[in-house]
Amino acid sequence: MAIRVQVPAPLRSLTGGAAEVSVEASDVAGLVDALEASHKGLRDRLYDASGELRSYVRVFVNEEDVRFLGGKAAPLKAGDVVAIVPAIAGGL
Amino acid sequence: MRIPRQEADAMVARALEGYPFEVCGVFLGRGGDVRRAVGVANRETERPRVRYQIAPADLIRLQREGEAEGLEIVGYYHSHPDHPARPSETDRSVAAGGLSDGVFHVVIGVEQGIRGTPTAWVFRDADQAFHAEPLEIE
């Protein structure tokens with residue numbers, strides 16, 4: 001099942017400059033594994049030391065936040081569009 | 001980084017108008033060339049005088065808009081009402097936890113809602129820090 005993954009600029013050094021890549025996966029955890037297999041180093045940028053999605057990294061499936069779809073177990077199907085988006089925040 | 005004067009002026013004007021709250025926005029451009037500074041809502045609801053948040057939905061929307069124009073998200077801006085125009089420890093820790101390598105940040109110090117001073121920075125994962133970046137307003 002081909003899933004389209006939109007890659008933010010800071011990760012494109014790992015995708016050969018590609019803004020979008022396609023991988024086969026049936027859930028978000030599988031997607032991260034597939035990304036790591038084809039673009040080594042991506043997993044460490046998406047997961048923290050405990051293997052969970054980093055707190056300031058958001059993953060969206062068809063514009064739905066995966067945190068509300070089951071997290072790493074969120075199912076994926078052919079044609080889904082996954083967006084990896086940094087959480088941008090800060091202040092004084 | 002370079003930014004057109006019209007965009008820089010509008011960004012600073014927006015920071016002054018938003019005082020005493022933090023305002024924020026997104027830079028669309030290519031590499032170090034910012035073409036547009038797009039203001040977005042500060043989604044911080046609890047402490048908007050001292051914190052800002054950009055909704056991921058706004059980032060997805062602007063990423064799509066940018067692609068249609070051959071641009072991408074190259075950075076962000078936010079204001080520091082009555083505080084120095086440099087990244088705070090909060091800014092640094094958020095950037096260190098996410099996807100910020102090589103991303104530009106402009107911080108606009110706003111004094112009493114009257115004077116706004118923008119400074120530019122680029123975050124580097126290598127040392128988990130912001131580095132001062134020349135801000136060329138053209």
Side-chain angles (χ1 to χ4, degrees), chain A residues 3-21 28 31-32 35-36 39-69 71 74 80-92, chain B residues 21-22 24-26 29-31 40 42-44 47-64 66-67 72-84 87-105 107 109 123-125 130:
Chain A
I3 312 291
R4 290 165 54 202
V5 184
Q6 296 172 341
V7 181
L11 291 183
R12 291 182 198 160
S13 59
L14 298 172
T15 61
E20 186 172 302
V21 298
V28 168
L31 178 112
V32 174
L35 285 172
E36 175 67 16
H39 306 287
K40 192 166 175 51
L42 265 177
R43 179 165 31 212
D44 283 349
R45 303 299 303 280
L46 301 177
Y47 284 172
D48 61 22
S50 64
E52 296 301 319
L53 282 169
R54 290 177 180 272
S55 57
Y56 294 116
V57 174
R58 299 277 185 267
V59 177
F60 288 74
V61 178
N62 302 328
E63 305 194 7
E64 285 279 330
D65 193 327
V66 299
R67 290 178 301 166
F68 307 117
L69 298 172
D80 281 347
V81 178
V82 171
I84 300 168
V85 179
I88 302 299
L92 300 177
Chain B
F21 301 105
E22 294 203 13
C24 50
V26 175
R30 296 182 70 84
V40 299
N42 179 359
R43 304 288 180 165
E44 166 69 27
R47 304 171 66 200
R49 286 174 185 247
V50 293
R51 292 284 185 272
Y52 80 98
Q53 274 187 49
I54 297 179
D58 287 333
L59 296 179
I60 292 174
R61 173 176 57 84
L62 287 168
Q63 191 167 303
R64 194 183 304 124
E67 278 167 14
E72 59 185 16
I73 294 173
V74 295
Y76 309 92
Y77 72 80
H78 73 281
S79 62
H80 280 179
D82 293 324
H83 277 78
S88 65
E89 175 54 26
T90 304
D91 297 328
R92 195 203 65 80
S93 65
V94 173
L99 305 171
S100 294
D101 191 38
V103 173
F104 295 106
H105 281 257
V107 181
F123 188 84
R124 298 289 179 203
D125 273 350
F130 282 102

Side-chain donor-acceptor pairs of residues 48-55 of chain B under 3.5 Å, sequence neighbours excluded:
| from | atom 1 | to | atom 2 | distance (Å) |
| --- | --- | --- | --- | --- |
| B:R51 | NH1 | A:L92 | O | 2.8 |
| B:Q53 | NE2 | B:E44 | OE1 | 3.3 |

Given heavy-atom pairs under 4.5 angstrom as the criterion, report whether the side chain, backbone, both or neither of B:R61 touches chain A. neither
Contacts of type salt bridge (charged side-chain N to carboxylate O under 4.0 Å, His left out), residue B:R43, not counting sequence neighbours: B:D58
For atom CZ of A:R43, is the number of surrounding heavy atoms from other residues, nucleotides or ligands below 6.0 Å larger than 12? yes
Can you measure from CD (B:E67) to CD (A:E20) and round to the nearest 0.5 angstrom? 7.5 Å
Taking salt bridge (charged side-chain N to carboxylate O under 4.0 Å, His left out) as the test, write out the residues that go with B:D125, two or more places apart. A:R45
Applying a strict 4.5 Å limit to non-hydrogen atoms, the region of B:V94 in contact with chain A is both
Straight-line distance of B:L99 CG to A:R54 CZ, nearest 0.5 Å: 8.0 Å
Looking only at heavy atoms, which two atoms of A:P86 and B:Y76 are closest? And how far apart? CG-OH, 3.7 Å
Checking A:A87 against chain B: side chain, backbone, both or neither under 4.5 Å from a heavy atom? backbone
When A:D48, A:V85, A:L46 are compared by non-hydrogen pairs under 4.5 Å with chain B, the top option: A:V85
Checking an interface table here. Which of residues 7-16 of chain A come within a heavy-atom distance under 4.5 Å of chain B? A:P8, A:A9, A:P10, A:L11, A:R12
Between B:S79 and chain A, with a heavy-atom cut-off of 4.5 Å, which part of the residue counts as in contact: side chain, backbone, both or neither? neither
dist B:L59:CG -> A:I84:CD1 (nearest 0.5 Å) comes out at 13.5 Å
Among B:H78, B:H80, B:E89, which residue has the highest count of heavy-atom pairs closer than 4.5 Å to chain A? B:H80
For B:P56 and A:F60, the nearest pair of non-hydrogen atoms, with its separation, is CB-CZ, 3.1 Å
